[in-house]
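Note that the structure is predicted; figures quoted are calculated from it, not measured. Below, chains carry the letters A, B, ... as their sequence lines are ordered, and counting in each starts from 1. Values reported hereafter were calculated over all heavy atoms of this structure, with side chains retained and with hydrogens, waters and symmetry mates removed.
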Amino acid sequence: MGVISAIGLSVAENHAALVTGKTGIIKGGGNFPSRYAGLLPFGEVLIGTEELKTRLGVTESGITRTTLLALHAFKEAIGDAQLTDEQLTAGDTALIGATTVGGMCLTDELYANTHGDTENIEYVKSFDYASVNLYLQKRYHITGVVNTMNTACSSSANAIMYGCRLIKNGLANRVIVGGADSLAKFTVNGFNALRILSDEACAPFDQNRKGLNLGEGAAFLVLEKEADVKGKKMYACLSGYGNANDAYHPSSLSPEGDGPYLAMKNALSNAKLNPADIDFINAHGTGTENNDEVESRAMLSLFGTLPNFASTKGFTGHTLGAASAIEAVYSILNIDKQELYPNLNFGQPIADTGLEPVITYKASAIKHVMSNSFGFGGNCTSLIFSKA
Amino acid sequence: MSFYIHKTTCISPQQTFGDNIDIEQLRPSVDNKLYAVEPAYPQFKGNALRRMSKSTRIGSGAALPLLAGAPQPDGIIIGTQVSGMEENSKFLNQIIEYNEDMLTPGSFVQGTPNTISSQIALISNNKNYNITHVHRGLAFENAVIDVAMLVNESPQNTYLLGGVDEISLNNYTLDTLAGWFKKEDCSNNNLYSSATDGSLSGEGAAMFIVSGDKQGALAQLKAITTIHSTDAEVVENRIKTFLQNNLPEGEKIDLLLSGENGDRRSTHFYKNCEALQGSYTTIARFKHLCGEYPTASSFALWLACNFIGGALELPHHMLKKAGTAIGLKNILIYNTHKIGQHSCMLLSVVS
């Protein structure tokens with residue numbers, strides 16, 4: 001596993017912050033150009049883009065911050081999984097990544113290029129979503145299946161699901177799956193125009209929540225077949241996944257949460273588990289009025305009595321295309337360390353549903369964790385990780 | 001892994017949609033672009049139509065006739081590079097021009113590429129598997145791989161598969177700056193005699209209903225492979241292996257649909273692929289019909305389904321070299337996008 005987020009540059013740093021309840025959401029980090037950079041809180045990775053390039057030894061032109069964050073997490077993941085060069089370049093190794101910003105973090109540069117600037121064209125080849133994984137693929141000479149997915153905020157859950165299915169269908173023997181997104185004028189203004197950015201640190205599942213905070217980061221995971229990982233550290237097993245569409249509205253969830261309900265239900269049936277088998281839910285829990293209420297209702301319909309649940313968005317902010325991958329790492333840490341991390345900034349349950357998330361760090365016996373991700377366009381995906 | 005294609009529709013720069021399909025008569029490019037011929041879209045009401053991005057219009061416009069009167073597909077799987085880019089760029093422009101103030105979210109929401117798959121789901125109230133692949137020149141191919149896996153996992157299910165991309169001012173300008181479209185005037189009927197860099201810009205939406213059931217199918221997608229390389233020898237060897245592994249003993253490629261696009265930098269990849277086939281194989285080209293775009297291979301798959309099912313005859317303007325093949329049993333689609341991304345799809349008659 002590899003992760004970079006507002007709460008740390010590695011799995012170990014992220015873990016330490018989760019245990020101590022230390023948030024990464026601050027005002028005025030200053031690494032992305034926007035008038036809101038100092039005005040609203042964000043989950044920023046506090047390393048400048050140039051510094052990231054230096055640290056990662058990136059000298060090519062046209063490499064965006066999104067790609068650099070991806071590379072940072074990718075390197076940690078393949079190092080942790082001890083993948084050899086031969087394995088990386090083998091035809092049975094796949095790379096499946098997700099992003100919703102990709103090269104569009106370069107709003108100003110692209111604007112200039114589409115409005116007459118024909119001189120400074122460093123980034124014209126990397127404006128799309130695929131540019132991130134194409135860079136990783138070239139740098140590591142990956143020859144197997146390579147893909148990029150964008151289903152908004154559930155993108156990297158779908159990347160993880162697709163990667164796992166490649167293995168099950170015999171199209172790969174090992175897959176490197178994940179997602180990356182950087183903070184960008186583009187998404188900050190998009191969510192601001194939708195009036196769902198909070199001016200305070202987000203408070204998932206709280207009655208008085210005011211919206212979400214955007215964040216940035218990346219995470220990658222290496223999935224291999226159990227038979228192939230003898231002698232290596234096995235963190236967890238991806239035991240199930242479910243994908244469903246809410247088919248209700250382009251940017252909000254249906255009141256009853258059909259999409260979230262079906263995604264969770266499909267994941268359970270794919271894993272051949274019952275609701276009572278789930279020990280913990282890593283909720284999508286963005287802190288918006290719509291999501292938290294609908295997700296609560298959908299969880300109640302499916303589970304009746306809920307297991308422990310929490311959202312980690314209060315640590316990292318909502319990292320969009322990276323969120324499900326980052327939270328997959330956190331879900332796996334729940335299992336590997338047998339502990340739960342707090343849902344930050346929670347005060348009072350939502351009146352209608354009355355659900356209370358985990359609010360303090362605690363040790364807990366964890367066998368199965370469900371992780372939820374719901375996106376624009378009604379794209380909902382749930383993953384289930386189990387103790388290996 | 002393979003699947004069967006049962007129905008297909010296509011909105012493209014040619015007359016490929018509706019009752020009067022005619023690919024004999026080549027519609028000309030305009031200012032180096034091949035714009036889709038859009039139908040009237042009777043399914044969409046005024047406001048809904050006005051809010052949709054072009055890619056959502058052509059994508060759902062091509063998909064809905066396939067869904068009418070049929071059981072709901074068990075999944076909607078779309079490949080697109082940057083659908084919604086025109087809407088996206090409207091939003092990016094607003095950000096700069098209004099200095100990040102007083103923005104409306106419509107274009108931001110409509111500009112996400114998963115709008116096509118989710119809009120189709122919304123209109124048809126489909127709550128099943130729903131996904132958008134955006135891996136540039138292999139976005140459609142990854143959608144095909146996804147569907148092949150779905151059919152393998154649940155052979156009794158039916159899926160909607162599509163490839164969609166649009167010409168927007170933004171991506172046309174950026175890709176022209178990057179050298180992917182011709183700088184001098186070029187018309188689509190002269191595309192292959194051009195000796196310069198770049199191609200013509202195109203767009204389109206091709207949709208397919210697929211399943212594991214061969215009963216009544218138009219064609220079988222027998223195999224697909226993707227190649228990431230700029231090395232001509234590597235690509236040639238991979239194509240050779242693909243054919244060896246997937247063509248039944250004693251059979252040959254009857255028709256090669258080549259993605260040749262008038263960009264002198266990629267011609268040698270296509271020549272190598274042609275050279276692998278010998279005098280038996282008929283070679284035809286399609287980019288002068290649809291232009292160059294990241295999911296253009298979906299247009300080629302629509303053509304191949306129509307040729308192999310006998311619905312359309314190969315028009316003379318597509319022919320590069322007539323082979324000695326008499327029947328049409330196996331069609332190879334070979335395409336390369338921006339030189340580094342290649343794909344092969346093998347389409348065969350239903351046996």
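Formation of a donor-acceptor pair under 3.5 Å by the A:Asn243 side chain with backbone atoms of B:Asn130 is found in this model. Side chain of A:Tyr162 to main chain of B:Asn142: a donor-acceptor pair is present (N/O by atom type, distance under 3.5 Å, no hydrogens or angles). Remark: side-chain polar atoms of A:Arg165 are not paired, donor with acceptor, to backbone N or O of B:Met149 under 3.5 angstrom. When atom types are taken as modelled, the side chain of B:Tyr129 and the backbone of A:Gly242 share no donor-acceptor pair closer than 3.5 angstrom. Without hydrogens or angle criteria, B:Asn114 side chain to A:Phe376 main chain gives a donor-acceptor distance under 3.5 Å. Here the side chain of A:Asn169 pairs no donor or acceptor atom with the backbone of B:Glu153 at under 3.5 angstrom.
Side-chain contact between A:Thr151 and B:Ile131 is present, with at least one heavy-atom pair separated by less than 4.5 Å. Looking at heavy atoms from C-beta onward, B:His228 lies out of side-chain contact with A:Leu134 at the 4.5 angstrom threshold.
Using a 4.0 Å cut-off between charged side-chain N and carboxylate O, B:Arg136 and A:Asp128 make a salt bridge. Between A:Lys125 and B:Asp175, no side-chain nitrogen of the basic residue sits less than 4.0 Å from a carboxylate oxygen of the acidic one, so the salt-bridge criterion is not met.
Checked by atom type, the side-chain pair A:Tyr111/B:Glu97 shows a donor-acceptor distance below 3.5 Å. Between the side chains of A:Asn147 and B:His133, at least one donor-acceptor pair of N or O atoms lies under 3.5 Å.
In terms of heavy-atom pairs under 4.5 angstrom with chain B, the leader among A:Thr381, A:Asn133, A:Thr100, A:Leu171 is A:Leu171.
A:Ala247 approaches B:Ala121 most closely through the heavy-atom pair CB-O, 3.7 Å. Looking at every heavy atom in both residues, A:Pro250 comes nearest to B:Val109 through CB-CG1, 3.6 Å.
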